Amino acid sequence: MKDNLVVFNTLSRKKEAFKSINPHRVGMYVCGPTVYGDPHLGHARPSITFDLIFRYLEHLGYKVRYVRNVTDVGHLENDADEGEDKIAKKARLEQIEPMEVAQYYTDSYHFAMDKLNVKRPSIEPRASGHIIEQMEIVEQILEAGYAYESNGSIYFDVEKYDKNYKYGVLSGRVLEELIANTRTLDGQDEKRNPADFALWKKASPEHIMRWKSPWSVGFPGWHLECSAMSHKYLGDEFDIHGGGMDLLFPHHESEICQSQIAHGQNPAKYWIHNNMITVNGQKMGKSLGNFINLEEFFEGSHKLLEKAYSPMTIRFFILQAHYRSTVDFSNEALQATERGLSRLMQASETLEKLKASDKSTENVQELKSAMYEAMNDDFNTPILIAHLFEAVRIINSVKDNKAYLTETDLNELKSVFNTFVFDILGMKKESDESGSNQITEGLMELILDIRAKAKENKDWTTSDSIRNKLNQLNINVKDTKDGAEWSIEN
RNA sequence: GGUCUCGUGGCCGAGCGGUUAGGCAGAGGUCUGCAAAACCUUGUACAGCGGUUCGAUUCCGCUCGAGACCUCCA
């Protein structure tokens, strides 16, 4: 299975066979959050996408070092501002320390990711903890002659780079076109060329986050941290560099330039980019009023939401689309997902109770191969999920004695189903939180016992009344051949 | 304006040069005291117009529409 994985590499714009640099290990770097605001839907997509990839690579037997940074230095707001970075801006607004803001939002990011069952990366380095490493790269690039100083700031010389290396290998941009289309912005007079980007910025007096450097008291340029930290923890060349498509240009393109000069090569063998999220067909943006925090989803507190959607609903919804497609959030679509997910989860419980037969009517091996085939084809989770629903059909049919599985097949199905649903897709059961304890179990047994007696006496009034009242408490009662079953609805 | 992506049945969302994606919703049926659940059956979908082809939703061109990046953003 390990040999069949194919991934779409943005660098070649093609699907390529995945061959790790080291046969047993994979190094993966993913651009993490800028911690200056509440975690929102936009954070969920890359986290879940690369969590899936992380989980699947581990499942295939790779030892994965997954590095995802925390940007706590803050990027430049834009080239036009006076060098104030985002985190400093927010800090003054709220009258607290910049690091306090970064810590607060780092924590809330982690909290939301935990709810979404996103595994923590192997290393989560902070930009502010790697200023020295970033300054080293600036020095290397200066020494190599691909950067110049201008008024205390250091800029990368893109034009020179383009002459000796090819600029735009990742994004497909052509330098001349880029220059021709650059808008005239303030504060660009320091640059020789509008396409040049900052490696080090001199801090203006009001800029709070600042470090001493040979060039000025200032802060690192906004592409540098990823080059520095990926190199420190993963080396000159590692397997996967990931992030959202919006980072493709100029962020990742600039990273390639920096690494090429400082470390002699494009840092990553495979560049993987997840697509974006839209809400009701529109890009999610703060100005559009459709910017929804994850907490608002979980609580249903945003005005666009008809109800609360659980973390697992969000996760499953994202996984039902391929990571390279945009995914559109709407109440209707989320509620459809919610029902489908509930069927899947019910089936996982049914599966544990199934009884084996001496013959099989279903081909479990074929289903298993189909699931691996889907995942090996550039992590095609929608296809995988389609096959999981095929498994659901089998599970329910076996329960109804309309299909049969041998002991071996049943065990295989359990193993395959649980592996893909829980280990690889990273779903988890949510009902446990609101769930049962011994007292409830006992009470329910008692109540359903009384109802069973009423049913025996054909006292439908009593039995229906018990069921209706339980329904009102969100307890669902189903009569089956083996007696009544109950479950708590979310 | 430049670069690029996409346009699939009521909704979401895969895929492919000729054969059922899947989920949700709808219709019919089986089961059931009823209900729920489950299972079975059911949908002549591939933006429009041309072209290539024995055959295109799938390839090419154009048109229309949507979106992304180019500017902080995942």
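Residue numbering restarts at 1 for every chain, and letters A, B, ... go by the order of the sequence lines. In this text the structure is predicted, and so the values were computed from the model without any measurement.
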Worksheet item: For A:Met276, which contact category applies under a 4.0 Å heavy-atom criterion: base, sugar-phosphate, or nothing?
Response: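 Base contact.
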Practice prompt. For A:Gly340, answer base if it contacts any base atom (sugar-phosphate contacts may also be present), sugar-phosphate if it contacts only those atoms, and nothing otherwise; contact means non-hydrogen atoms under 4.0 Å.
Written response: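 Counting heavy atoms under 4.0 Å across all strands, the contact made by A:Gly340 is with sugar-phosphate only.
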Discussion item. Is there aromatic stacking of A:Phe389 on B:G23 here, judged by a ring-centre distance under 5.5 Å and a plane angle under 30°?
Written reply: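 No.
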Discussion item. Strictly below 4.0 Å, N to O, side chains only: are A:Glu338 and A:Lys307 in salt-bridge contact?
Written reply: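 Here A:Glu338 pairs with A:Lys307 in a salt bridge, since their nearest N and O are under 4.0 Å apart.
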Consider the side chain of [X], meaning its heavy atoms from C-beta on, and name the nucleotide among [options] that approaches it most closely.
| X | options | value |
| --- | --- | --- |
| A:Ala386 | B:G33, B:A74, B:G22 | B:G22 |
| A:Trp222 | B:C34, B:C73, B:A74 | B:C73 |
| A:Thr34 | B:G33, B:A74, B:C39 | B:A74 |
| A:Arg173 | B:C70, B:A74, B:G23 | B:C70 |
| A:Pro382 | B:A21, B:A36, B:C39 | B:A21 |
| A:Ser325 | B:A14, B:C24, B:A74 | B:A14 |

Give me the distance, rounded to whole Å, that separates [N] from [M] when you measure between the [atom1] atoms they each carry.
| N | M | atom1 | result |
| --- | --- | --- | --- |
| B:G43 | B:G2 | C1' | 44 Å |
| B:G48 | B:C40 | P | 33 Å |
| B:A36 | B:G15 | C1' | 35 Å |

Worksheet entry | Residue closer to the 5' end of RNA chain B, A:Ser171 versus A:Ile383 (nearest nucleotide) |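 Its nearest nucleotide being more 5', the pick is A:Ser171.
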Worksheet item: Which comes earlier along RNA chain B counting from the 5' end, the contact point of A:His322 or that of A:Arg339, where each point is its nearest nucleotide?
Response: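 Its nearest nucleotide being more 5', the pick is A:His322.
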Worksheet item: What's the NE2-P distance between A:His223 and B:A74, to the nearest Å?
Response: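 One finds 14 Å between P of B:A74 and NE2 of A:His223, rounded.
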Distance criterion of 3.5 Å, no angle test: do you see the side chain of [X] paired donor-to-acceptor with the base of [N]?
| X | N | value |
| --- | --- | --- |
| A:Asp328 | B:G13 | no |
| A:Asp479 | B:C34 | yes |
| A:Arg467 | B:C34 | yes |

Worksheet item: Which stems, defined as runs of 3 or more consecutive Watson-Crick or G-U wobble pairs with both pairing distances under 3.5 Å, involve RNA chain B?
Response: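 Stems found: B:1-7 with B:64-70, B:10-12 with B:22-24, B:26-30 with B:38-42, B:47-51 with B:59-63.
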Distance-only check: which donor-acceptor pairs under 3.5 Å involve side-chain atoms of residues 381-390 of chain A, not counting sequence neighbours?
residue: A:Thr381; atom: OG1; partner: A:Leu319; partner atom: O; Å: 2.6
residue: A:Glu390; atom: OE1; partner: A:Arg393; partner atom: NH1; Å: 3.1
residue: A:Glu390; atom: OE2; partner: A:Arg393; partner atom: NH1; Å: 2.7

Discussion item. Looking at A:Phe111, I'd like to know if its CZ atom is crowded, meaning that more than 12 non-hydrogen atoms belonging to other residues, nucleotides or ligands lie closer than 6.0 Å.
Written reply: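 No, CZ of A:Phe111 has 12 or fewer neighbouring heavy atoms, counting only those of other groups under 6.0 Å.
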Worksheet item: Going by the angle between their ring planes, with limits at 30° and 60°, are A:Phe420 and A:Tyr372 parallel, tilted or perpendicular?
Response: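 The arrangement is perpendicular - the two ring planes meet at more than 60°.
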Worksheet item: Parallel under 30°, tilted from 30 to 60°, perpendicular over 60°: which one fits the rings of A:His43 and A:His40?
Response: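 Correct class here is tilted.
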Worksheet item: A:Phe297 and A:Phe329: ring-ring contact (aromatic ring centres under 6.0 Å, His included), yes or no, with the steps?
Response: CA-CA 11 Å; A:Phe297 263 102; A:Phe329 275 65; 5.6 Å; yes
Discussion item. Under the side-chain hydrogen bond (donor to acceptor under 3.5 Å, both in side chains) test against A:Arg324, which residue among A:Asn274, A:Asp378, A:Asn380 passes?
Written reply: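 Option passing the side-chain hydrogen bond (donor to acceptor under 3.5 Å, both in side chains) with A:Arg324: A:Asp378.
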Discussion item. Consider side-chain hydrogen bond (donor to acceptor under 3.5 Å, both in side chains). Of A:Lys119, A:Arg315, A:Arg120, which one does A:Asp51 pass it with?
Written reply: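 Looking at A:Lys119, A:Arg315, A:Arg120, the match for A:Asp51 under the side-chain hydrogen bond (donor to acceptor under 3.5 Å, both in side chains) is A:Arg315.
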Practice prompt. Output yes when at least one side-chain N/O atom of A:Thr337 is less than 4.0 Å from OP1 or OP2 of B:C12, else no.
Written response: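 No, no such contact exists.
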